[in-house]
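In what follows, a structure is listed as C-alpha coordinates, so that the remarks can point back to it.
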Amino acid sequence: MRLNQNILLLGKKVVLVPYTPEHVPRYHEWMKSEELRRLTASEPLTLEQEYVMQRSWQEDADKCTFIVLDAEKWQAQLGTSEESCMAGDVNLFLTDLGDPTLGEIEVMIAEPSCRGQGLGTEAVLMMMSYGVTKLGLTKFEAKIGQGNEPSIRMFRKLHFEQVAVSSVFQEVTLRLTMSEPERQWLLEQTSHVEEKPYRAGASEPC
(Lines give C-alpha, C1' and ligand atoms only; values in the text may rest on other atoms or scores of the structure.)
Protein backbone atom coordinates (compact mmCIF):
# COMPACT_ATOMS: atom_id res chain seq x y z
CA MET A 1 0.00 0.00 0.00
CA ARG A 2 1.47 3.33 -1.09
CA LEU A 3 -0.36 5.26 1.64
CA ASN A 4 2.00 4.12 4.38
CA GLN A 5 5.29 3.98 2.46
CA ASN A 6 6.60 7.30 3.78
CA ILE A 7 5.62 7.12 7.46
CA LEU A 8 7.11 5.63 10.61
CA LEU A 9 5.06 4.90 13.74
CA LEU A 10 6.98 5.11 17.00
CA GLY A 11 5.58 3.29 20.02
CA LYS A 12 7.02 2.31 23.39
CA LYS A 13 8.13 -1.22 22.53
CA VAL A 14 7.95 -1.26 18.75
CA VAL A 15 8.62 0.94 15.75
CA LEU A 16 6.54 0.28 12.64
CA VAL A 17 8.18 1.03 9.29
CA PRO A 18 7.13 0.25 5.70
CA TYR A 19 8.29 -3.06 4.22
CA THR A 20 11.17 -2.20 1.87
CA PRO A 21 13.75 -4.24 -0.10
CA GLU A 22 16.21 -3.67 2.78
CA HIS A 23 14.07 -5.93 4.99
CA VAL A 24 13.68 -8.82 2.55
CA PRO A 25 16.85 -10.86 3.37
CA ARG A 26 16.01 -11.10 7.09
CA TYR A 27 12.36 -11.80 6.31
CA HIS A 28 13.43 -14.55 3.93
CA GLU A 29 15.60 -16.12 6.64
CA TRP A 30 12.65 -16.10 9.04
CA MET A 31 10.37 -17.83 6.56
CA LYS A 32 12.76 -20.77 6.22
CA SER A 33 11.34 -21.87 9.58
CA GLU A 34 8.76 -24.64 9.18
CA GLU A 35 7.09 -23.51 12.42
CA LEU A 36 6.61 -19.94 11.18
CA ARG A 37 5.32 -21.12 7.81
CA ARG A 38 2.84 -23.39 9.59
CA LEU A 39 1.66 -20.65 11.95
CA THR A 40 1.27 -18.14 9.09
CA ALA A 41 -0.02 -20.63 6.48
CA SER A 42 2.83 -19.58 4.17
CA GLU A 43 4.53 -21.40 1.31
CA PRO A 44 8.34 -21.49 1.04
CA LEU A 45 9.64 -18.87 -1.41
CA THR A 46 13.01 -18.24 -3.02
CA LEU A 47 14.76 -14.97 -2.21
CA GLU A 48 13.84 -13.60 -5.63
CA GLN A 49 10.18 -14.55 -5.09
CA GLU A 50 10.34 -12.77 -1.73
CA TYR A 51 11.51 -9.57 -3.45
CA VAL A 52 8.62 -9.86 -5.93
CA MET A 53 6.21 -10.36 -3.01
CA GLN A 54 7.60 -7.28 -1.24
CA ARG A 55 7.00 -5.16 -4.34
CA SER A 56 3.43 -6.40 -4.66
CA TRP A 57 2.71 -5.66 -0.99
CA GLN A 58 4.05 -2.14 -1.52
CA GLU A 59 1.94 -1.56 -4.62
CA ASP A 60 -1.34 -3.36 -3.81
CA ALA A 61 -4.08 -1.06 -2.51
CA ASP A 62 -5.70 -3.85 -0.49
CA LYS A 63 -2.65 -4.67 1.67
CA CYS A 64 -1.09 -2.52 4.39
CA THR A 65 2.16 -3.87 5.81
CA PHE A 66 4.59 -2.61 8.42
CA ILE A 67 7.79 -4.26 9.56
CA VAL A 68 7.96 -4.41 13.37
CA LEU A 69 11.26 -3.17 14.80
CA ASP A 70 12.35 -3.68 18.41
CA ALA A 71 12.22 -0.09 19.70
CA GLU A 72 14.81 -0.69 22.41
CA LYS A 73 17.40 -1.96 19.91
CA TRP A 74 16.47 0.74 17.40
CA GLN A 75 16.88 3.56 19.90
CA ALA A 76 20.01 2.17 21.57
CA GLN A 77 22.06 1.81 18.41
CA LEU A 78 22.15 5.12 16.58
CA GLY A 79 22.70 4.55 12.88
CA THR A 80 22.22 0.79 13.10
CA SER A 81 20.57 -0.98 10.19
CA GLU A 82 16.87 -1.64 10.48
CA GLU A 83 17.49 -5.24 9.52
CA SER A 84 19.33 -5.84 12.80
CA CYS A 85 16.33 -4.47 14.76
CA MET A 86 13.62 -6.46 12.94
CA ALA A 87 11.22 -8.41 15.16
CA GLY A 88 8.38 -9.33 12.78
CA ASP A 89 5.59 -7.80 10.75
CA VAL A 90 1.97 -6.68 11.06
CA ASN A 91 -0.53 -6.62 8.21
CA LEU A 92 -3.99 -5.43 7.27
CA PHE A 93 -5.86 -6.99 4.34
CA LEU A 94 -8.72 -4.99 2.87
CA THR A 95 -10.07 -7.79 0.72
CA ASP A 96 -13.83 -7.75 1.44
CA LEU A 97 -15.17 -5.90 -1.61
CA GLY A 98 -18.63 -5.83 -0.06
CA ASP A 99 -17.41 -4.13 3.11
CA PRO A 100 -14.53 -1.65 2.79
CA THR A 101 -14.71 -0.94 6.52
CA LEU A 102 -13.53 -4.49 7.40
CA GLY A 103 -9.84 -5.29 7.75
CA GLU A 104 -8.26 -8.68 8.37
CA ILE A 105 -5.32 -8.22 10.73
CA GLU A 106 -2.37 -10.48 11.39
CA VAL A 107 0.88 -10.16 13.28
CA MET A 108 4.05 -12.24 13.37
CA ILE A 109 6.82 -11.82 15.93
CA ALA A 110 9.38 -13.95 14.14
CA GLU A 111 12.49 -13.16 16.15
CA PRO A 112 12.52 -15.67 19.05
CA SER A 113 14.27 -13.25 21.44
CA CYS A 114 11.45 -10.71 20.93
CA ARG A 115 8.55 -12.99 21.84
CA GLY A 116 6.60 -12.85 25.08
CA GLN A 117 7.44 -9.19 25.73
CA GLY A 118 4.30 -7.47 24.45
CA LEU A 119 5.72 -6.40 21.09
CA GLY A 120 2.95 -8.18 19.17
CA THR A 121 0.26 -6.61 21.33
CA GLU A 122 1.52 -3.07 20.80
CA ALA A 123 2.04 -3.68 17.07
CA VAL A 124 -1.58 -4.85 16.69
CA LEU A 125 -2.94 -1.88 18.68
CA MET A 126 -0.90 0.54 16.58
CA MET A 127 -2.01 -1.08 13.33
CA MET A 128 -5.67 -1.05 14.42
CA SER A 129 -5.39 2.63 15.33
CA TYR A 130 -3.86 3.32 11.90
CA GLY A 131 -6.69 1.37 10.26
CA VAL A 132 -9.36 3.29 12.17
CA THR A 133 -7.89 6.79 11.77
CA LYS A 134 -6.32 6.57 8.29
CA LEU A 135 -8.22 3.83 6.43
CA GLY A 136 -11.74 4.29 7.81
CA LEU A 137 -12.00 0.78 9.25
CA THR A 138 -14.67 -0.05 11.82
CA LYS A 139 -14.31 -3.86 12.03
CA PHE A 140 -11.34 -6.18 12.37
CA GLU A 141 -11.01 -9.93 11.89
CA ALA A 142 -8.13 -12.22 12.83
CA LYS A 143 -7.83 -15.74 11.40
CA ILE A 144 -5.52 -17.82 13.54
CA GLY A 145 -4.44 -21.45 13.44
CA GLN A 146 -6.18 -23.50 16.12
CA GLY A 147 -2.84 -24.53 17.58
CA ASN A 148 -1.58 -20.97 17.97
CA GLU A 149 -2.81 -20.44 21.52
CA PRO A 150 -0.56 -17.45 22.36
CA SER A 151 -1.95 -15.48 19.41
CA ILE A 152 -5.55 -16.42 20.20
CA ARG A 153 -5.08 -15.31 23.83
CA MET A 154 -3.52 -12.03 22.72
CA PHE A 155 -6.42 -11.11 20.42
CA ARG A 156 -8.96 -12.04 23.10
CA LYS A 157 -7.20 -9.68 25.52
CA LEU A 158 -7.66 -7.00 22.87
CA HIS A 159 -11.45 -7.52 23.04
CA PHE A 160 -11.76 -9.78 19.97
CA GLU A 161 -14.45 -12.46 20.18
CA GLN A 162 -14.48 -15.81 18.42
CA VAL A 163 -17.09 -15.92 15.65
CA ALA A 164 -16.18 -19.03 13.64
CA VAL A 165 -14.11 -22.21 13.59
CA SER A 166 -12.99 -23.94 10.40
CA SER A 167 -12.11 -27.60 10.77
CA VAL A 168 -11.05 -27.65 7.12
CA PHE A 169 -8.46 -24.87 7.51
CA GLN A 170 -7.83 -25.65 11.20
CA GLU A 171 -8.32 -22.01 12.14
CA VAL A 172 -10.49 -19.81 14.29
CA THR A 173 -11.87 -16.41 13.28
CA LEU A 174 -12.06 -13.65 15.87
CA ARG A 175 -13.75 -10.31 15.31
CA LEU A 176 -13.87 -6.87 16.90
CA THR A 177 -16.42 -4.23 15.96
CA MET A 178 -15.34 -0.70 16.82
CA SER A 179 -18.20 0.73 18.83
CA GLU A 180 -17.61 4.23 20.15
CA PRO A 181 -16.37 2.92 23.55
CA GLU A 182 -14.03 0.48 21.75
CA ARG A 183 -12.75 3.27 19.51
CA GLN A 184 -12.05 5.51 22.51
CA TRP A 185 -10.32 2.62 24.30
CA LEU A 186 -8.13 1.98 21.24
CA LEU A 187 -7.17 5.62 20.86
CA GLU A 188 -6.30 5.81 24.56
CA GLN A 189 -4.12 2.68 24.25
CA THR A 190 -2.21 4.28 21.37
CA SER A 191 -2.17 7.93 22.47
CA HIS A 192 1.62 7.72 22.98
CA VAL A 193 2.30 6.73 19.36
CA GLU A 194 4.16 9.29 17.25
CA GLU A 195 3.97 9.46 13.46
CA LYS A 196 7.20 10.54 11.79
CA PRO A 197 8.38 10.83 8.17
CA TYR A 198 10.20 7.77 6.88
CA ARG A 199 12.98 7.42 4.38
CA ALA A 200 14.10 3.87 3.58
CA GLY A 201 17.40 3.10 5.24
CA ALA A 202 17.41 6.38 7.14
CA SER A 203 14.99 5.94 10.04
CA GLU A 204 17.51 6.61 12.80
CA PRO A 205 16.02 7.68 16.14
CA CYS A 206 15.61 11.42 16.61
Side-chain angles (χ1 to χ4, degrees), residues 1-2 4-60 62-93 104-127 130 142-152 154-155 169-171 198-205:
M1 179 176 283
R2 288 187 173 275
N4 75 317
Q5 69 180 6
N6 295 315
I7 67 163
L8 171 155
L9 300 176
L10 175 60
K12 292 176 180 175
K13 295 184 177 183
V14 303
V15 182
L16 303 187
V17 297
Y19 185 25
T20 72
E22 176 191 354
H23 305 122
V24 172
R26 172 64 69 90
Y27 192 91
H28 180 63
E29 286 300 313
W30 284 340
M31 298 316 292
K32 290 180 180 178
S33 161
E34 288 187 20
E35 178 196 14
L36 281 179
R37 291 203 307 272
R38 178 178 58 80
L39 291 174
T40 57
S42 301
E43 296 294 325
L45 299 177
T46 65
L47 182 59
E48 182 53 41
Q49 287 173 323
E50 210 74 77
Y51 277 108
V52 172
M53 185 72 73
Q54 180 273 325
R55 285 194 294 272
S56 76
W57 284 55
Q58 190 174 42
E59 299 290 336
D60 290 355
D62 62 356
K63 300 183 183 75
C64 183
T65 298
F66 284 102
I67 291 294
V68 179
L69 306 181
D70 182 323
E72 185 177 358
K73 292 180 183 176
W74 181 77
Q75 291 173 321
Q77 303 176 43
L78 186 64
T80 191
S81 73
E82 287 180 5
E83 189 178 5
S84 66
C85 304
M86 287 171 62
D89 70 341
V90 62
N91 309 294
L92 272 175
F93 302 100
E104 181 183 336
I105 191 165
E106 66 176 29
V107 65
M108 174 182 73
I109 301 301
E111 200 61 41
S113 64
C114 294
R115 294 175 188 164
Q117 301 176 38
L119 275 68
T121 298
E122 187 178 44
V124 167
L125 285 168
M126 289 166 66
M127 182 60 115
Y130 185 82
K143 296 180 179 179
I144 306 167
Q146 286 178 301
N148 192 350
E149 281 297 330
S151 190
I152 292 171
M154 182 194 73
F155 276 100
F169 294 107
Q170 295 287 295
E171 68 180 17
Y198 176 79
R199 289 185 299 117
S203 66
E204 290 86 359

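Every heavy atom of this structure was used, including side-chain atoms; hydrogens, water molecules and symmetry mates were not. Position 1 is the first residue of the sequence, and the numbers go up from there.
- By the side chain to side chain donor-acceptor pair (under 3.5 Å) test, Gln49 is found to be paired with Thr46, residues two or more places apart in sequence or in another chain being considered.
- For Ala71 against Gly11, the heavy-atom pair with the smallest separation is CB-O, 4.5 Å.
- Between Pro18 and Ile7, the shortest heavy-atom distance links the atoms CD-O, 3.2 Å.
- Partners of Asn91 under the side chain to side chain donor-acceptor pair (under 3.5 Å) rule, at least two apart in sequence or in another chain, are Thr65, Asp89, Glu106.
- Exactly one residue among Val15, Val17, Leu16 makes a side-chain contact (heavy atoms from CB on, under 4.5 Å) with Ile67. That residue is Val17.
- When atom types are taken as modelled, the side chain of Glu122 and the backbone of Val14 share a donor-acceptor pair closer than 3.5 angstrom.
- By the 4.5 Å heavy-atom criterion applied to side chains, Met154 and Val107 are counted as neighbours.
- Within the structure, side chain to side chain donor-acceptor pair (under 3.5 Å) contacts touching residues 51-60 (residues at least two apart or in different chains) are Arg2-Glu59, Asp60-Lys63.
- With hydrogens and angles ignored, the 3.5 Å screen pairs no side-chain donor or acceptor of Lys143 with any backbone N or O of Glu171.
- For Glu29, the side chain to side chain donor-acceptor pair (under 3.5 Å) criterion is met by Lys32, not counting sequence neighbours.
- Heavy atoms from other residues, nucleotides or ligands lying under 6.0 Å from CD of Glu72 number 12 at most.
- Screening residues 109-119 for salt bridge (charged side-chain N to carboxylate O under 4.0 Å, His left out) gives Arg26-Glu111 as the qualifying pairs, with residues at least two apart or on separate chains.
- Note: Ile152 CD1 to Gln146 CD = 7.5 Å, rounded to the nearest 0.5 Å.
- Across all their heavy atoms, Ala123 and Val68 have their closest contact at CB-CG2, 3.9 Å.
- Side-chain contact between Leu69 and Glu82: present, with at least one pair of heavy atoms (C-beta onward) separated by less than 4.5 Å.
- Residues Gln117 and Cys114 approach most closely at NE2-CA, 3.7 Å, considering heavy atoms.
- Proximity of Leu10 to Gln75: side-chain heavy atoms (C-beta onward) are separated by under 4.5 Å at one or more points.
- Residues Lys73 and Ser84 are not in side-chain contact: their nearest non-hydrogen atoms beyond the backbone lie 4.5 Å or more apart.
- For residues 18-41, every residue pair satisfying the ring pair (Phe, Tyr, Trp, His ring centres under 6.0 Å) rule, not counting sequence neighbours, is listed here: Tyr19-Tyr27.
- Using a 4.5 Å cut-off on side-chain heavy atoms (C-beta onward), Tyr130 and Val90 make no contact.
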* **Evaluation steps, side-chain contact (heavy atoms from CB on, under 4.5 Å), between Leu36 and Met108** => CA-CA 8 Å; Leu36 281 179; Met108 174 182 73; 4.1 Å; yes
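- If you take OH on Tyr198 and OG1 on Thr20, they are separated by 4.5 Å, rounding to the nearest 0.5 Å.
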